[in-house]
*Asks:* 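Got a structure for you, questions after.
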Amino acid sequence: MPVSGRSRWCTLLPQDTLSRLQLSILLSSLGIVVITAGLPIYLSEIGASGFELGGVFAVGALTTALPRPLIGRALDLHGRRPFLIAGIIIVAASMVLYGLARDIGMLLLASTAQGFGTGTMLLSAYAMTADLTMRSGRGGSFGSTEQSQYRGGLYGGLLAVPVLVFTGFDQAGNLRITPDAWLILFMIFALGALVGLAIAVFGVGETYARPPETGEPISHEANKIDRQLYVLMVIVALTSASSAGIAPFILKFIQDHITQNLALLALAYLPASLVWGFMPARMGLIADRFGRKLPIAMGLTMSGLFSAVIPFLTTIVPLALFATIEALCYSAAVPAEQAFVADMTGGKRRGVGFGLYTLAQSSGRIAGPLVMGALYDQFRAGPFVANAVILLLGSALVLFMLRDPWRKRVPSVSSGK
């Protein structure tokens, strides 16, 4: 007798579902590093200003932020899987748009689609990860999900190397991101997203148990949203605005003041990329053993210190060192933050909880690039100093304003409760 679709998903172990989910995220995220690191350079090639550069990043954050609460609520009403699939489809389409982009208008359209698609995909993935793990193992599980995104970006960056080598040299022999190289790269990334879509469609089942339709009351625990989540949202919005504000300008500053050699820049950031690609699953365990607050505070502190020293850097070596240390601390902080959100929300409100959290995260990223872009045009070191002050303030707020939700560990069992 054939097995129904619902029964087929029920036969999968939670860890199998989580592994397939993470693989689909990895393949759909191949373009992350090239967008983050290569887009500022590509925009410089077409003569964009610092404000226009900030605008391209800000519009993606805007389309990520605005629908988050609605999508989060929909996750709790209709399940996680349909939105995961829809997000990956939009990501694939955005990769095609990026590849075809030759002016600011097309890049704005691509950033809009990519922000909405990636936001929907990751919001669904976070809710599914929380469904599949209990509190004692959430840090490591969220680390694995976050790691899959950055490992995909790392693989995409490695794929970019031979493409740039064969198509990126201009007539003077300088390595550049040419339109041909840009197009080839994003067609590869679109293909990767389509493979990730196939894995999500055929290999990832629904993780959400809908509320009962029998009229029985739903427990308070399942319906809870702890007020601490709103405190975290304020901190996340503040620090995300600051960090996202300087992200597009770090490489631009380095090119203006240290080196324009893309090969050296790639080597400088390679250790940090490896950390993001392979360490979050391991560093996330810190939140399971020592609580959520400490990793978050350490990540903000080290990122603030890194930002403070950027204007004083004159060579690539210290840049690589600071970037690697920052990545190591943040690879522990991000899973801890996500586990904090899961701890603060019950199973029937988890979509809403992650929707609010990611709304705060994305909202901060809207204004940050625009404000920092205007500041960068006036005073090159200004954004980095301002970011350092804000992140150190955020670290203090985490330590003194948040109550750690972590409790004594219990045996880790895969469950959605």
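Below, each value reflects all heavy atoms present in this structure, side chains not excepted, and no hydrogens, waters or symmetry copies.
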*Asks:* I want to check something: taking the side chain as every heavy atom from C-beta on, are Leu300 and Leu392 in contact at a cut-off of under 4.5 Å?
*Replies:*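 No; the side chains remain at least 4.5 Å from each other.
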*Asks:* So which heavy atom on Thr301 is nearest to which on Ser395, and how close?
*Replies:*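 Between these two residues, the closest heavy atoms are OG1-OG, 2.8 Å.
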*Asks:* Taking the six-membered ring where the residue is Trp, are the ring centres of Phe354 and Phe83 under 6.0 Å apart?
*Replies:*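 For Phe354 and Phe83, the ring centres are not under 6.0 Å apart.
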*Asks:* Assess whether side chain to side chain contact (heavy atoms under 4.5 Å, CB included) is satisfied between Arg80 and Glu206, documenting all intermediate values.
*Replies:* CA-CA 6 Å; Arg80 328 300 197 196; Glu206 182 58 71; 3.3 Å; yes
*Asks:* Decide yes or no for Glu146 and Tyr150: does some side-chain heavy atom of the first lie under 4.5 Å from some side-chain heavy atom of the second?
*Replies:*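 Yes, close enough: below the 4.5 Å cut-off.
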*Asks:* Classify the ring geometry between Trp182 and Tyr98 as parallel (under 30°), tilted (30 to 60°) or perpendicular (over 60°).
*Replies:*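 Judged by the thresholds at 30° and 60°, the geometry between Trp182 and Tyr98 is perpendicular.
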*Asks:* Yes or no on side chain to side chain contact (heavy atoms under 4.5 Å, CB included) for Leu26 and Gln149, after CA distance, side-chain angles and deciding distance?
*Replies:* CA-CA 5 Å; Leu26 184 154; Gln149 179 190 178; over 6 Å; no
*Asks:* Looking only at non-hydrogen atoms, find the nearest pair between Pro335 and Pro280 and report the distance.
*Replies:*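 Closest pair (atom of Pro335, atom of Pro280, distance): CG-O, 4.0 Å.
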*Asks:* For Ile32 versus Gly153, what's the shortest heavy-atom pair and its separation?
*Replies:*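 Looking at all heavy atoms of both residues, the closest pair is CB-CA, 4.3 Å.
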*Asks:* To the nearest 0.5 Å, tell me how far Leu229 CG sits from Leu356 CG.
*Replies:*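 Here the rounded value is 6.0 Å.
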*Asks:* Distance from Leu328 atom CG to Arg282 atom CZ, nearest 0.5 Å?
*Replies:*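 So the gap between those two atoms works out to 12.0 Å.
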*Asks:* Search all heavy atoms of Lys293 against all heavy atoms of Leu402 and return the closest pair with its distance.
*Replies:*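 For Lys293 and Leu402, the tightest heavy-atom pair comes out as NZ-O, 2.9 Å.
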*Asks:* Should Leu305 and Ile325 be marked as a side chain to side chain contact (heavy atoms under 4.5 Å, CB included) after you check the CA-CA gap, both sets of side-chain angles, and the distance that decides it?
*Replies:* CA-CA 10 Å; Leu305 294 176; Ile325 294 174; over 6 Å; no
*Asks:* Look only at the side chain of Ser94 and the backbone of Ala110, and say whether a donor-acceptor pair between them is shorter than 3.5 Å.
*Replies:*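 No, because the side chain of Ser94 does not come within donor-acceptor range (under 3.5 Å) of the backbone of Ala110.
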*Asks:* Does the side chain to side chain contact (heavy atoms under 4.5 Å, CB included) test come out yes or no for Thr145 and Leu122, once each step is laid out?
*Replies:* CA-CA 9 Å; Thr145 299; Leu122 292 179; 5.9 Å; no
*Asks:* Side-chain contact, heavy-atom cut-off 4.5 Å: Leu393 with Ile390?
*Replies:*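 The answer is no; the side chains never approach within 4.5 Å.
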*Asks:* Can you tell me how far CZ of Arg151 sits from CZ of Phe278, rounded to the nearest 0.5 angstrom?
*Replies:*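 The CZ atom of Arg151 is 4.5 Å from CZ of Phe278, to the nearest 0.5 Å.
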*Asks:* Is there side-chain contact between Ile310 and Phe322, with heavy atoms separated by less than 4.5 Å?
*Replies:*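 Side-chain contact under 4.5 Å: no.
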*Asks:* Atom CZ of Arg292 and atom CE of Met344: how far apart are they, to the nearest 0.5 Å?
*Replies:*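 Arg292 atom CZ to Met344 atom CE measures 9.0 Å (nearest 0.5 Å).
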*Asks:* Working to the nearest 0.5 angstrom, can you tell me the gap between Leu21 CG and Met121 CE?
*Replies:*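 Between Leu21 CG and Met121 CE, I get 9.5 Å after rounding to 0.5 Å.
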*Asks:* Sub-3.5 Å donor-acceptor pair from the side chain of Gln22 to the main-chain atoms of Ser148, do we have one?
*Replies:*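 Side chain of Gln22 to backbone of Ser148, a donor-acceptor pair under 3.5 Å: no, none is there.
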*Asks:* Is it true that, when you exclude Met106 itself, more than 12 heavy atoms of the residues, nucleotides or ligands shown sit nearer than 6.0 Å to its CE?
*Replies:*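 Yes, the 6.0 Å shell around CE holds more than 12 heavy atoms from other groups.
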*Asks:* For Ile25 versus Ala125, what's the shortest heavy-atom pair and its separation?
*Replies:*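 Residues Ile25 and Ala125, closest heavy atoms: CD1-CB, 4.0 Å.
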*Asks:* Is a side-chain N or O of Ser303 found less than 3.5 angstrom from the main chain of Gly299, in a donor-acceptor match?
*Replies:*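 Between the backbone of Gly299 and the side chain of Ser303 there is no qualifying donor-acceptor contact (under 3.5 Å).
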*Asks:* How many angstroms lie between CG in Leu159 and CD1 in Ile184, if you round to the nearest 0.5 Å?
*Replies:*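 The distance works out to 12.5 Å.
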*Asks:* Can you tell if the side chain of Val56 reaches within under 4.5 Å of the side chain of Leu108, non-hydrogen atoms only?
*Replies:*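 Yes, their side chains come closer than 4.5 Å.
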*Asks:* Side-chain contact, heavy-atom cut-off 4.5 Å: Ser141 with Leu18?
*Replies:*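 In contact.
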*Asks:* I want to check something: taking the side chain as every heavy atom from C-beta on, are Leu107 and Leu39 in contact at a cut-off of under 4.5 Å?
*Replies:*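 Sidechains of Leu39 and Leu107: in contact.
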*Asks:* Please report the closest heavy-atom contact between Ser331 and Val275, naming both atoms and the distance.
*Replies:*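 For Ser331 and Val275, the tightest heavy-atom pair comes out as OG-CG1, 4.1 Å.
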*Asks:* Does the side chain of Thr63 pick up a donor-acceptor pair with the side chain of Thr112 at under 3.5 Å?
*Replies:*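 Absent: no donor and acceptor within the cut-off.
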*Asks:* Mark yes or no for whether Ser144, through its side chain, and Gly140, through its backbone, hold a donor-acceptor pair below 3.5 Å.
*Replies:*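 It does hold such a pair.
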*Asks:* Using modelled atom types and a 3.5 Å cut-off, is there a donor and acceptor pairing between side-chain atoms of Arg81 and backbone atoms of Val204?
*Replies:*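 Pair found, side chain donor or acceptor close to backbone of Val204.
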*Asks:* Do Val201 and Leu197 have side chains that get closer than 4.5 Å, going by heavy atoms?
*Replies:*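 They are in side-chain contact.
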*Asks:* Evaluate whether atom CE of Met233 has more than 12 neighbouring non-hydrogen atoms of other residues, nucleotides or ligands under 6.0 angstrom away.
*Replies:*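 Result for CE/Met233: enclosed.
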